[in-house]
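To start, the structure itself, in structure tokens.
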Amino acid sequence: MFANKHKPLVCLRQQISNAHRSTAICHLPPRPSINQIKQAHAHIIVSGHAGDSGLMGHLIAFLSVSPTTSFDYCLSLYQTVRCPSVFVFNNMIRCFAKSNSPFESIVLYSYMQRSFVRPNKHTFTFLLQACSKALAIKEGIQVHAHVMRLGFQEDVFIRNALIHFYSACCRFECSKQVFNEDAQWRDIITWNSMLTAYVRDGQISVAVKMFGEMQVKDVISWSTMIMGYVQNGLLEEGLECFKQMRERGTRPNEAILVTILSASAQLGLLGQGRLIHSTIDSLNFPITVPLGTALIDMYAKCGCIELSKLIFNNMPEKDIWSWNVMICGLASHGHAREALALFESFLSEGFCPVNVTFVGVLNACSRAGLVSEGRHYYKLMMENYGIEPEMEHYGCMVDLLARAGCIVEAAKMIETMVLKPDPVLWATLLGACKIHGHVELGEKIGSRLIQLDPTHDGHYVQLAGIYAKARKWDDVIRVRRLMTARSTNKIAGWSLIEVQGRVHRFIAGDREHEYSPEIYKMLEMIGSRIAEAGYSPNISPVLHDIGEEEKENAIKEHSERLAIAFGMLVTEVGDCIRIVKNLRVCEDCHDVSKIISKVFLREIIVRDGSRFHHFKEGKCSCLNYW
DNA sequence: ATAGGGTTAG
């Protein structure tokens, strides 16, 4: 009878030790479920050992490492313990450190002290984890003092936790101090933690130096360095670092793969993204939800929305972000109806939309000029889901309304918004004034914008564009001179094209490229073929007060034309040409791209600052609505 | 008996 009563507990211990043993062999240790723990708990109670500190300690320890910890259950177990041991306290502190209320660890620690239970080295690692997560700077500093007083300052685990804590709380100097105190208490994790501290502090060049000096690098070192590059906007350097890691034979982890997929996506490098995808496949790397989501995003941002859809539809499990990136991807490609339909299935699957979801939804509406739908979803967002509109939402709505010609309504929205309106909103409105030929209103908004931000040349350009469209050449020249007088600099536009893994970047009038002579010959050829097809240049985008002929030359040498010409030189006839641009496509280049797609039977996909243009058979997917 | 570092998406 007695033996029988204790059997489940023996089983539990057996399972725990089996779990540990099997970790080394297979990747998924068979852990007892919460139900099995509850069964064991029931047996402990029945056998009259309820509240036993040792037994409960084990149960709590087990729960605190379980990925699906029930914190309430943990707490209820703890509350039954009559006289909690340091082991029970430690595991409870660990449990809280993992939870959404890490500050409770600190509360429990002070209770532990009042109960005269002496902390040990394990206490501090868990406690500092909690302080890092809670960003509890003052408390963490006190904990540091306790560490010193109790003589644990030489424990490498605790030192690492301290470096991490200070770096999490943005006390970079303190991390450095702990790191520098004595080199003999360092291990790979100390180095990695310090590397993270440098990266977090934005000291990327110091991080690079340190990374180079590290004798031993593990996958976390690489991951920290790669993420450091990418998060600091050094995308190409991040990709290069990944390449070096692969050359050394280090197997990437999920975080690295997600990060470099994001870097490829941001750069719009399809070849690079594909290469990573095939690396994932050849490594037999499991496509987890985050990885699948990163792939969807990468393909969408590299122009292959169909592949995004394929991956999305084949993902056995999706989270809200998988849906968000898919909805936003469809919107950026102008597949408005599909994006909205997906949003509706998202709702019927029981997901709750967040702000980003509505950026996608409203973007879809604005791209396709779906005014009443846009109004409907904007209202739905605020009234049903209680989401306060952010700048991006306003951006979509102002764009949607203004383009549809509801300029007064759009202006009213900007004037009455709670947030301080971003000048971009006025600039959007200005753009709409240009489309609709509202010279007077445009003039008003343009002058106001220039007043607001006289160093931003884009406003002068837009205003001059309005005058140019109205053929008010004197005003064009006046604004242009104003722009020169205030010595603002135009943001340099560039276009890039990836050919066989190499990135070729062009700026307007570029003559640096090794194939420049051939590129300009190709441009000439394109020019005469499209002229035969009836094209005549639309020169209003050119604002320089120069002669007509020179104006024509200036637009002929826009960066995307050079990229397209190069693409036609180096790819097979009939191949799709993919271009990434930092700024918006000008009207004339948009027209030219359409004609090229028809005359040369070439698909051209251009990603500009905010959307995709898919040129095919003389038409663009944006329906000239951009 | 228990420990430590990195996690993206508009």
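So you know, we letter chains A, B, ... as the sequences are listed, proteins then strands, and number each from 1.
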Donor-acceptor pairs are to be reported for all side-chain atoms of residues 335-343 of chain A against protein atoms at under 3.5 Å, with residues two or more places apart or in another chain.
from   : atom 1 : to     : atom 2 : distance (Å)
A:R337 : NH1    : A:E373 : OE2    : 3.3
A:R337 : NH2    : A:E373 : OE2    : 3.2
A:E338 : OE2    : A:K309 : NZ     : 2.7

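- The side chain of A:Q231 lies closest to B:dT8 when the candidates are B:dT8, B:dT2, B:dA3.
- A heavy atom lying under 4.0 Å from DNA chain B marks none of the residues of residues 142-151 of chain A.
- Legend: residues meeting salt bridge (charged side-chain N to carboxylate O under 4.0 Å, His left out) with A:R94, ordered by chain and number and at least two apart, are absent.
- Among the atoms of the strands shown, base atoms are found under 4.0 Å from some heavy atom of A:N120.
- As rounded to whole Å, 10 Å separates atom C1' of B:dT2 from atom NE2 of A:H58.
- Per the geometry, OH belonging to A:Y229 stands 20 Å off C1' belonging to B:dT7, to the nearest Å.
- Distance A:L195 CG to B:dG6 C1': 10 Å, rounded to the nearest Å.
- Residue A:H122 is classed as a base contact, given a heavy-atom separation below 4.0 Å to a base.
- Shown here are the side chain to side chain contact (heavy atoms under 4.5 Å, CB included) partners of A:V117, two or more places apart in sequence or in another chain: A:V86, A:F89, A:M112, A:S115.
- Whole-Å rounding puts the A:R94 CZ to B:dA1 P distance at 15 Å.
- Taking atom CG on A:D319 and atom C1' on B:dA9, their separation rounds to 9 Å, with Å as the unit.
- Partners of A:E317 by salt bridge (charged side-chain N to carboxylate O under 4.0 Å, His left out), not counting sequence neighbours: none found.
- Taking the six-membered ring where tryptophan is involved, the planes of A:F351 and A:W323 are tilted, since the angle between them lies from 30° to 60°.
- One can place CD of A:Q129 at 15 Å from P of B:dT2, the figure rounded to the nearest angstrom.
- Residue A:S262 is in sugar-phosphate contact alone, with no base atom involved, counting any heavy-atom pair closer than 4.0 Å across all strands shown.
- Here A:E181 pairs with A:R159 in a salt bridge; the nearest charged N to carboxylate O distance falls below 4.0 Å.
- As judged by a 4.0 angstrom heavy-atom cut-off over every strand, A:E254 is placed among the base-contacting residues.
- Among the atoms of the strands shown, none is found under 4.0 Å from any heavy atom of A:F124.
- Among the atoms of the strands shown, base atoms are found under 4.0 Å from some heavy atom of A:T293.
- Residue A:D155 is in base contact, counting any heavy-atom pair closer than 4.0 Å across all strands shown.
- At the heavy-atom level, A:N90 lies under 4.0 Å from base atoms of the strands shown.
- Among the heavy atoms of the strands, none lies under 4.0 Å from A:R159.
- Contacts classified as side-chain hydrogen bond (donor to acceptor under 3.5 Å, both in side chains) and involving residues 250-268 of chain A (residues at least two apart or in different chains) are given here: A:E254-A:T288, A:S262-A:Q266.
- Among the nucleotides B:dA1, B:dG6, B:dA3, the one closest to any side-chain atom of A:I220 is B:dG6.
- With a 6.0 Å cutoff to the six-membered ring centre and a 45° limit on the axis angle, A:R186 counts as a cation-pi contact of A:F179.
- When the P atom of B:dT7 is taken as reference, atom CZ of A:F242 falls 18 Å away, rounded to whole Å.
- For A:T224, counting side-chain heavy atoms from C-beta on, the closest listed nucleotide (B:dA3, B:dG6, B:dT8) is B:dG6.
- Rounding to whole angstrom units, OH of residue A:Y198 and P of B:dG6 are separated by 17 Å.
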